[in-house]
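First, the structure itself, so that you have it in front of you.
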There are 2 protein chains.
Amino acid sequence: MNPTAIFKALADDTRRQMIEMLRERNHSAGEFAAVFNMSKPSITNHLNILHGANLVYREKKGQYVIYSLNMTLLQEAMLWLQKMSKGEEK
Amino acid sequence: MNPTAIFKALADDTRRQMIEMLRERNHSAGEFAAVFNMSKPSITNHLNILHGANLVYREKKGQYVIYSLNMTLLQEAMLWLQKMSKGEEK
DNA sequence: TGTATAATTAGATAATTAACTAATTAAATA
DNA sequence: TATTTAATTAGTTAATTATCTAATTATACA
């Protein structure tokens with residue numbers, strides 16, 4: 001788990017909205033492109049950043065690429081922040 | 001609370017170390033400058049980013065500026081992430 | 001009051017980021 | 001097999017970020 005990559009990934013409104021969408025159900029890259037007013041390559045870039053931080057999984061299904069949430073990592077990030085805020089020992 | 005500013009502030013190793021130092025006790029700007037191998041203006045810049053995200057308080061004491069943690073905001077950020085990871089309703 | 005100390009502001013620069021268009025790759029299907 | 005659809009890669013650009021040095025401001029104190 002790489003805190004810098006995770007917080008960088010979360011430090012963007014588009015990417016946080018993507019995560020909220022993935023809380024509901026899995027989505028293909030194209031479904032994101034249909035929702036956000038942004039070119040497909042820009043969508044790919046945001047999804048790469050989320051995937052690089054390990055916050056999402058990705059799986060090729062025929063001609064689609066399906067994205068899903070990595071709940072475990074989100075929870076870990078949350079615990080890391082909790083440690084910070086509560087002052088637990090390392 | 002501005003999630004983008006908070007996550008941006010946390011997306012940097014120097015600033016996260018500053019927060020860890022503030023968990024122990026309050027510090028002046030100069031004390032940070034003594035710890036990090038970095039110019040004073042760069043330290044000021046990092047502290048401005050933490051302060052802009054509301055993660056730290058700052059108070060002038062004589063010729064010193066003393067920084068302290070805003071625990072409340074760290075906790076709020078933590079809860080926000082928890083909501084993300086656990087999928088609570090808005 | 002003049003000098004030292006603490007910190008910030010000003011201004012410059014190199015690196016990174018977020019966006020675009022055009023081109024390419026991969027898969028499905030008429 | 002040729003065409004359409006989904007997605008990525010390549011390459012460019014404007015904006016932001018992190019850093020520096022030099023200058024300034026504010027306070028303390030000999």
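On a predicted model such as this, the values are computed, not experimentally measured, just so you know. We name chains A, B, ... by the order of the sequence lines, and we start the count at 1 in each one.
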Check: CE of B/M38 versus P of D/dT21: gap in Å, rounded?
Finding: 12 Å
Margin query: Output the rounded distance in Å from NZ (B/K40) to C1' (C/dT8).
Written below: 10 Å
Margin query: Can you measure A/I66 atom CD1 to D/dA7 atom P for me and round it to whole angstrom units?
Written below: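 Spelled out: CD1 on A/I66 to P on D/dA7 is 7 Å.
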Check: OP1 or OP2 of D/dA7 sitting under 4.0 Å from any side-chain N/O of A/R58?
Finding: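 No.
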Item checked: Proximal nucleotide (of D/dA22, C/dA28, C/dA7) relative to the B/A29 side chain -> C/dA7
Check: What integer distance in Å separates B/N48:CG from D/dT16:C1'?
Finding: 16 Å
Checklist line | Nearest listed nucleotide, side chain of B/D12, among C/dA18, D/dA18, C/dT8 | finding: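 Among C/dA18, D/dA18, C/dT8, the one nearest the side chain of B/D12 is D/dA18.
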Checklist line | Nearest-0.5 Å distance that lies between atom CG in A/L55 and atom CE in A/M1 | finding: 9.5 Å
Notebook entry, point to check: Short question: side chain of B/R58, backbone of B/Y67 - any donor-acceptor pair under 3.5 Å?
Noted result: no
Next item on the list: Could you tell me whether B/R25 and B/E31 have a side-chain N and a carboxylate O separated by less than 4.0 Å?
Entry: yes
Item checked: B/H27 NE2 to C/dA6 P, straight-line distance once rounded to whole Å -> 16 Å
Next item on the list: Assign the ring pair A/H27 / A/F32 to parallel, tilted or perpendicular, where the plane angle (0 to 90°) is split at 30° and 60°.
Entry: tilted
Check: For the atom pair CD1 (A/I49) and CG (A/D12), what is the distance rounded to the nearest 0.5 Å?
Finding: 7.5 Å
Notebook entry, point to check: So does B/S39 get a side-chain nitrogen or oxygen closer than 4.0 Å to the phosphate oxygens (OP1/OP2) of D/dC20?
Noted result: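 True: B/S39 side-chain N/O within range (under 4.0 Å) of D/dC20 OP1/OP2.
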Margin query: Does C/dA7 have its OP1 or OP2 closer than 4.0 Å to a side-chain nitrogen or oxygen of B/S28?
Written below: yes
Note to self: Without decimals, in angstroms, what is the distance between A/Y64 OH and D/dT8 C1'?
What the structure shows: 16 Å
Margin query: Go nucleotide by nucleotide along DNA chain D from the 5' end; which of B/G62 and B/A11 gets its closest nucleotide reached first?
Written below: B/A11
Next item on the list: Just call it for B/Y67: base, sugar-phosphate, or nothing, with non-hydrogen atoms closer than 4.0 Å on any strand.
Entry: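 Sugar-phosphate, backbone atoms only, no base.
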Notebook entry, point to check: Out of D/dT9, C/dA18, D/dA7, which nucleotide sits closest to the side chain of A/V65?
Noted result: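 Nearest nucleotide to the side chain: D/dA7.
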Notebook entry, point to check: Whole Å only: how far is the CG atom of B/N45 from the P atom of C/dT9?
Noted result: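 So the two atoms are 11 Å apart, to the nearest Å.
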Next item on the list: Would you indicate what A/I43 reaches in the nucleic acid, counting non-hydrogen atoms under 4.0 angstrom: base, sugar-phosphate, or nothing?
Entry: nothing
Notebook entry, point to check: Of A/H46 and A/K60, whose nearest nucleotide on DNA chain C comes first from the 5' end?
Noted result: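 Mapping each residue to its closest nucleotide by heavy atoms, the 5'-most match is A/H46.
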Check: Nearest-Å distance, NZ (A/K61) to C1' (C/dA26)?
Finding: 17 Å
Next item on the list: Look at the side chain of B/S42 and decide which nucleotide, out of C/dA26, D/dT19, D/dA7, has an atom nearest to it.
Entry: D/dT19
